[in-house]
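Predicted model, so just to flag it, every value in this text is computed and none were measured. In the text below, chain A, chain B and the rest are named by the order of the sequence lines, each starting its count at 1.
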Amino acid sequence: MRLTLSARPPFALRAVVQSHGWARLAPFSFDADHAVLTYVDLLRTGRVVEMVINEAGDGVTIEIEGGLSEPERSEVAAKVSWMLRLEQDFSVFYDLAKDEPKLNQVEEQAQGRLLRCPTLFEDVVKTILTTNTTWTGTIRMVEALVSRFGTPLHTDPERHAFPTPGQLATTDEDMLRSAARLGYRAPYVLELARAVASGALDLESLKTSESPTQDLRKRLLAIKGVGGYAAANLLMLLGRHDFVAIDSWAVKLVSHEWYGGAPVGRAEVEAAFERWRQWKGLAYWFWDWSYRDQT
DNA sequence: GGTAGACCTGGACGC
DNA sequence: GCGTCCAGGTCTACC
């Protein structure tokens with residue numbers, strides 16, 4: 001079965017996929033040669049499907065093996081639209097970026113959309129697994145979580161959907177430490193999964209919340225394992241770009257760009273992008289750091 | 001509000 | 001092959 005979805009222009013699937021590393025984390029995969037994004041998902045009906053997403057016309061097509069019921073079609077369309085931010089409008093950011101040489105490429109290259117997972121739960125777990133580790137460590141931990149706890153794809157049992165909060169809630173800390181090698185992050189992921197599974201934490205409601213960004217930030221910071229860096233990243237995924245996700249790399253880049261390599265702190269990173277106000281997160285994200293491979 | 005130390009893993013390095 | 005050191009954010013305890 002094939003679904004077709006249109007996107008608000010400008011749109012480029014490759015730009016969304018390459019916006020950050022999520023496409024390299026299971027159950028995503030990306031065929032760079034053919035620009036095909038795939039994602040294995042557990043639908044509400046209990047069926048596991050592989051979404052094969054291609055750019056086509058002014059949007060994307062989604063191919064799924066076999067037929068889909070009408071509720072399943074609606075669910076797939078809504079999830080892909082959310083994951084790729086097909087409807088998001090970046091025109092204000094593009095107008096601001098036109099006069100900045102380090103950002104004037106963003107509209108032409110259709111940058112602005114950041115790939116995200118279908119649930120905020122999955123985005124939060126993955127973000128926690130990016131903290132205090134290397135990128136290869138994150139890939140390894142996510143792969144272990146998915147393969148060990150996720151529901152397998154019927155047509156390819158080697159591939160699995162991302163585990164639901166309920167699936168993770170029934171495990172224990174020792175299992176997360178030994179089977180997925182999450183280390184000290186294990187209790188954070190377990191506590192989050194149990195809170196969401198029990199209904200004590202309605203994480204998904206944040207996706208449509210109209211609360212001020214500061215309020216959303218406070219709610220994210222209340223999650224164990226989510227600090228300033230993780231909260232800023234998650235706000236970006238929620239479409240709120242008011243904060244820069246300051247990690248050691250951000251500090252290094254800002255030091256090199258504005259301070260001649262001298263040591264700087266969080267305040268200097270914030271100050272460097274202050275003029276971009278509600279777009280400062282995106283301005284940092286898509287700043288032309290082309291010299292960085294030399295740093 | 002600011003700071004120090006612990007948390008855990010894997011990679012780099014020296015022997 | 002083994003041991004040591006280090007990088008990576010967040011939490012807790014303490015001032």
Could you tell me whether A/Arg275 and A/Glu100 have a side-chain N and a carboxylate O separated by less than 4.0 Å? yes
With a 4.0 Å cut-off, would you call A/Glu122 and A/Lys126 a salt bridge? yes
What residues from residues 222-241 of chain A pass a heavy-atom cutoff of under 4.0 Å to DNA chain C? A/Ile223, A/Lys224, A/Gly225, A/Val226, A/Gly227, A/Gly228, A/Tyr229, A/Ala230
Have A/Asp242 and A/Thr213 got a donor and an acceptor in their side chains that come within less than 3.5 Å? yes
I'd like to know if the side chain of A/Thr171 reaches the main chain of A/Leu168, judged simply by a donor and an acceptor atom lying under 3.5 Å from each other, with no hydrogens or angles considered. no
Validation: residues 53-67 of chain A side-chain donor-acceptor distances under 3.5 Å, sequence neighbours left out:
residue: A/Glu55; atom: OE1; partner: A/Leu13; partner atom: N; Å: 2.9
residue: A/Glu63; atom: OE2; partner: A/Arg2; partner atom: NH2; Å: 2.9

Regarding A/Ser248, tell me which of base, sugar-phosphate or nothing describes its non-hydrogen contacts under 4.0 Å with the strands shown. sugar-phosphate
According to the interplanar angle, ranging from 0 to 90°, do the rings of A/Trp22 and A/His20 count as parallel (below 30°), tilted (30 to 60°) or perpendicular (above 60°)? tilted
Using distance only, find each side-chain donor-acceptor pair of residues 158-165 of chain A under 3.5 Å and give its atom names and separation, not counting sequence neighbours.
residue: A/Arg159; atom: NH1; partner: A/Glu50; partner atom: OE2; Å: 2.3
residue: A/His160; atom: ND1; partner: A/Glu158; partner atom: O; Å: 3.4
residue: A/Thr164; atom: OG1; partner: A/Gly166; partner atom: N; Å: 3.4
residue: A/Thr164; atom: OG1; partner: A/Gln167; partner atom: N; Å: 3.0
residue: A/Thr164; atom: OG1; partner: A/Gln167; partner atom: OE1; Å: 3.4

In terms of the nearest nucleotide of DNA chain B, which residue is placed more toward the 5' end: A/Tyr184 or A/Thr136? A/Tyr184
Donor-acceptor check, side chain of A/Arg240 to backbone of A/Gln278, threshold 3.5 angstrom: yes or no? no
Could you tell me the boundaries of the chain A footprint on DNA chain B, defined by atoms under 4.0 Å from its heavy atoms? B/dC7 to B/dG10
Do any pairs count as a side chain to side chain donor-acceptor pair (under 3.5 Å) and have a residue in residues 24-35 of chain A, sequence neighbours left out, and if so which ones? A/Ser29-A/Thr38, A/Asp31-A/His34
Distance under 4.0 Å to a non-hydrogen atom of chain A counts as contact; along DNA chain C, which nucleotides mark the start and end? C/dG8 to C/dT12
Comparing A/Asn132 and A/Tyr188 on DNA chain C - which has the more 5′ nearest nucleotide: A/Asn132
Candidates A/Trp285, A/Phe243, A/Trp258, A/Trp279 - the one meeting ring pair (Phe, Tyr, Trp, His ring centres under 6.0 Å) with A/Phe273: A/Trp258
